[in-house]
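Worksheet for the structure shown next.
Heavy atoms only: backbone and side chains are in, while hydrogens, waters and symmetry mates are out. Just so we're on the same page: letters track the sequence lines, and every chain starts at 1. A quick note: this is a predicted structure, and the numbers were derived from the prediction, not measured.
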Protein chains: 2
Amino acid sequence: MPGNRAPLSRERVLRAAVAIADAGGLGTLTMRSLARELDVKPMSLYHHVANKDEILDGIVDLVFGLIDLPSPDGDWRHELHRRSTSARRVLGRHPWAVGLLVSRTAPGPATLRHHDAVVGTLRRAGFPVDLTAHAFALLDSYVYGFVVQEAALPFRGDDGAADVTGRIMDGFSPGDYPHLVEMATGHVLLPGYDFGDEFGFGLDAVLDAIAGWLR
Amino acid sequence: MPGNRAPLSRERVLRAAVAIADAGGLGTLTMRSLARELDVKPMSLYHHVANKDEILDGIVDLVFGLIDLPSPDGDWRHELHRRSTSARRVLGRHPWAVGLLVSRTAPGPATLRHHDAVVGTLRRAGFPVDLTAHAFALLDSYVYGFVVQEAALPFRGDDGAADVTGRIMDGFSPGDYPHLVEMATGHVLLPGYDFGDEFGFGLDAVLDAIAGWLR
DNA sequence: ACCTGAACACCGTTCAAGT
DNA sequence: ACCTGAACACCGTTCAAGT
């Protein structure tokens with residue numbers, strides 16, 4: 001691993017932590033694996049972060065910092081479409097981040113800046129503060145939840161889908177879950193299907209609904 | 001703890017695991033804390049579950065089993081409204097379950113039965129299979145994502161909100177996050193506000209959108 | 001059949017010591 | 001200032017032994 005012996009820093013620690021979580025899941029991210037990745041002893045990490053909890057908060061915030069911000073001066077719908085697509089892509093690449101979200105209550109600066117830009121875009125577009133709260137809750141619920149589904153449903157990748165459909169169909173008594181079987185064999189497993197394509201469809205529906213509130 | 005010395009069973013192990021995760025978060029759920037709760041030695045657990053991973057899969061499925069199923073014969077919109085409200089309440093009580101969702105790909109029988117009932121309700125209502133997939137993705141993304149937001153955003157409980165607003169306002173340079181500050185002081189922190197109330201508003205918007213696809 | 005004691009290879013973190 | 005060795009109280013899990 002080239003360049004790993006640059007001087008340690010909070011930044012490098014967090015970046016390495018993201019890399020480990022991406023590669024093997026959150027379960028493989030330990031202070032010791034992180035130290036190994038950085039070619040350092042575990043205790044050295046504590047000079048740059050207070051503890052593992054701060055690392056978890058830090059990598060969530062780092063991931064939020066990768067999401068494109070909406071420009072408050074552009075067309076609100078176009079800007080929120082672009083940032084939502086970016087959010088889904090970024091969070092989809094680091095799905096453990098959404099998993100971590102439910103257990104932390106200390107949003108970092110990048111996360112706050114992100115939310116501030118979304119709220120600001122809605123306010124600038126003319127949404128009153130109560131409708132802005134509605135829109136914020138609806139839009140970001142959709143984005144987070146889609147990432148959860150995409151990570152959890154085994155309807156991705158060509159192999160994964162077939163795998164689980166197999167489990168559904170023969171792991172249990174035949175005839176259970178008839179509608180899931182129909183959905184799988186009649187739609188999801190057909191060549192052109194990609195669950196990820198559902199995102200844009202739902203996103204447009206959500207933005208339509210929000211746009212309707214403005215009139 | 002009365003009745004804890006009933007004979008061990010997979011059922012009792014999973015129930016105790018849920019209780020521990022509810023009380024102290026997933027981080028406090030260990031094979032050893034679980035054994036202690038059940039008044040048994042850690043190794044006894046392995047006679048009822050293969051390993052901790054199976055416990056995690058098991059408690060997610062247990063929680064899904066608590067959600068009201070829609071009846072495929074009722075009015076689809078009413079049924080999905082009822083089951084979505086139930087899902088939000090149940091998952092909101094056990095928020096770690098949604099966090100776990102992103103890292104598992106082995107849905108259990110209760111989870112599959114749940115999804116089957118939702119898909120069946122949509123099919124019975126006359127949605128073709130492709131629109132059923134759209135509706136399923138949109139609706140459940142919204143439900144999961146709302147639970148994530150409600151757990152993550154510190155906009156709940158009277159104290160929590162004030163806490164974080166404090167952090168937002170003085171922890172960082174003043175004037176950062178102006179829109180979040182406006183949203184907090186001008187809306188979210190006002191006496192009658194409860195973020196949870198946003199759920200029904202967004203749910204109706206989502207169901208409106210889905211209903212529109214049927215015509 | 002069900003439970004357990006002892007052991008192994010791990011964790012996060014502290015503390016005192018090195019450069 | 002930054003890094004580290006040794007140690008502590010924990011983990012999940014295996015294996016051989018008990019009833």
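- When all heavy atoms are compared, the tightest approach of Trp96(B) to Val63(B) is CH2-CG2, 3.7 Å.
- Rounded to a whole Å, the CG atom of Leu34(A) is 12 Å from the P atom of dC11(C).
- A sub-4.0 Å separation between OP1 or OP2 of dC2(C) and a side-chain N or O of Ser44(B) is absent.
- At a threshold of 4.0 Å, the pair Asp61(A)-Arg113(A) does not count as salt-bridged, since none of the basic side-chain nitrogens sits closer than that to a carboxylate oxygen.
- At a threshold of 4.0 angstrom between heavy atoms, the contacts of Met43(A) include nucleobase atoms, whether or not backbone atoms are also involved.
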Exercise for the section: Decide yes or no on salt bridge (charged side-chain N to carboxylate O under 4.0 Å, His left out) for Arg93(B) and Asp22(B), but give the supporting numbers first. Expected result: CA-CA 8 Å; Arg93(B) 275 180 196 157; Asp22(B) 286 347; over 6 Å; no
Handout entry: Audit row: Arg123(B), Asp116(B), salt bridge (charged side-chain N to carboxylate O under 4.0 Å, His left out) steps and yes/no
Key = CA-CA 10 Å; Arg123(B) 293 288 287 125; Asp116(B) 193 68; over 6 Å; no
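- In this structure, of dT4(D), dT13(C), dT4(C), it is dT4(D) that holds the atom nearest to the side chain of Val40(A).
- Between Lys41(A) atom NZ and dA16(C) atom P the separation is 22 Å, expressed in whole Å.
- Within 6.0 Å of CZ in Arg15(B) there are 12 or fewer heavy atoms belonging to other residues, nucleotides or ligands.
- Side-chain N/O atoms of His48(B) and Arg12(B) include no donor and acceptor closer than 3.5 Å.
- The backbone N or O of Glu54(A) sits less than 3.5 Å from a side-chain atom of Asn51(A), completing a donor-acceptor pair.
- Nucleotide dG5(C) forms a pair with dC15(D), judged by Watson-Crick or G-U wobble geometry with both contacts under 3.5 Å.
- Distance CZ (Arg10(B)) to C1' (dC2(C)): 18 Å, rounded to an integer number of Å.
- Not a single donor-acceptor pair, N or O on each side, falls under 3.5 Å between the base of dC2(C) and the side chain of His47(B).
- Between Asp53(B) atom CG and dC11(D) atom P there is a gap of 18 Å when expressed in whole angstrom units.
- Distance Asn51(A) CG to dC11(C) P: 17 Å, rounded to the nearest Å.
- Side-chain N/O atoms of His48(B) include one lying less than 4.0 angstrom from OP1 or OP2 on dC3(C).
- Using the Watson-Crick or G-U wobble rule with both distances under 3.5 Å, dC10(D) pairs with nothing in any strand shown.
- Rounded to an integer number of Å, the gap from Tyr46(B) OH to dA17(D) P is 21 Å.
- We find that CG of Leu45(A) is positioned 14 Å from C1' of dT14(C), with the value rounded to whole Å.
- The side chain of Leu8(B) lies closest to dC3(C) when the candidates are dC3(C), dA6(C), dC3(D).
- Within residues 21-29 of chain A, no residue has any heavy atom under 4.0 Å from DNA chain D.
- Between the CE atom of Met31(B) and the P atom of dG5(C) there is a distance of 16 Å, given to the nearest Å.
- Between Arg32(A) and Lys52(B), the residue anchored closer to the 5' end of DNA chain D is Arg32(A), taking for each the nucleotide with the nearest heavy atom.
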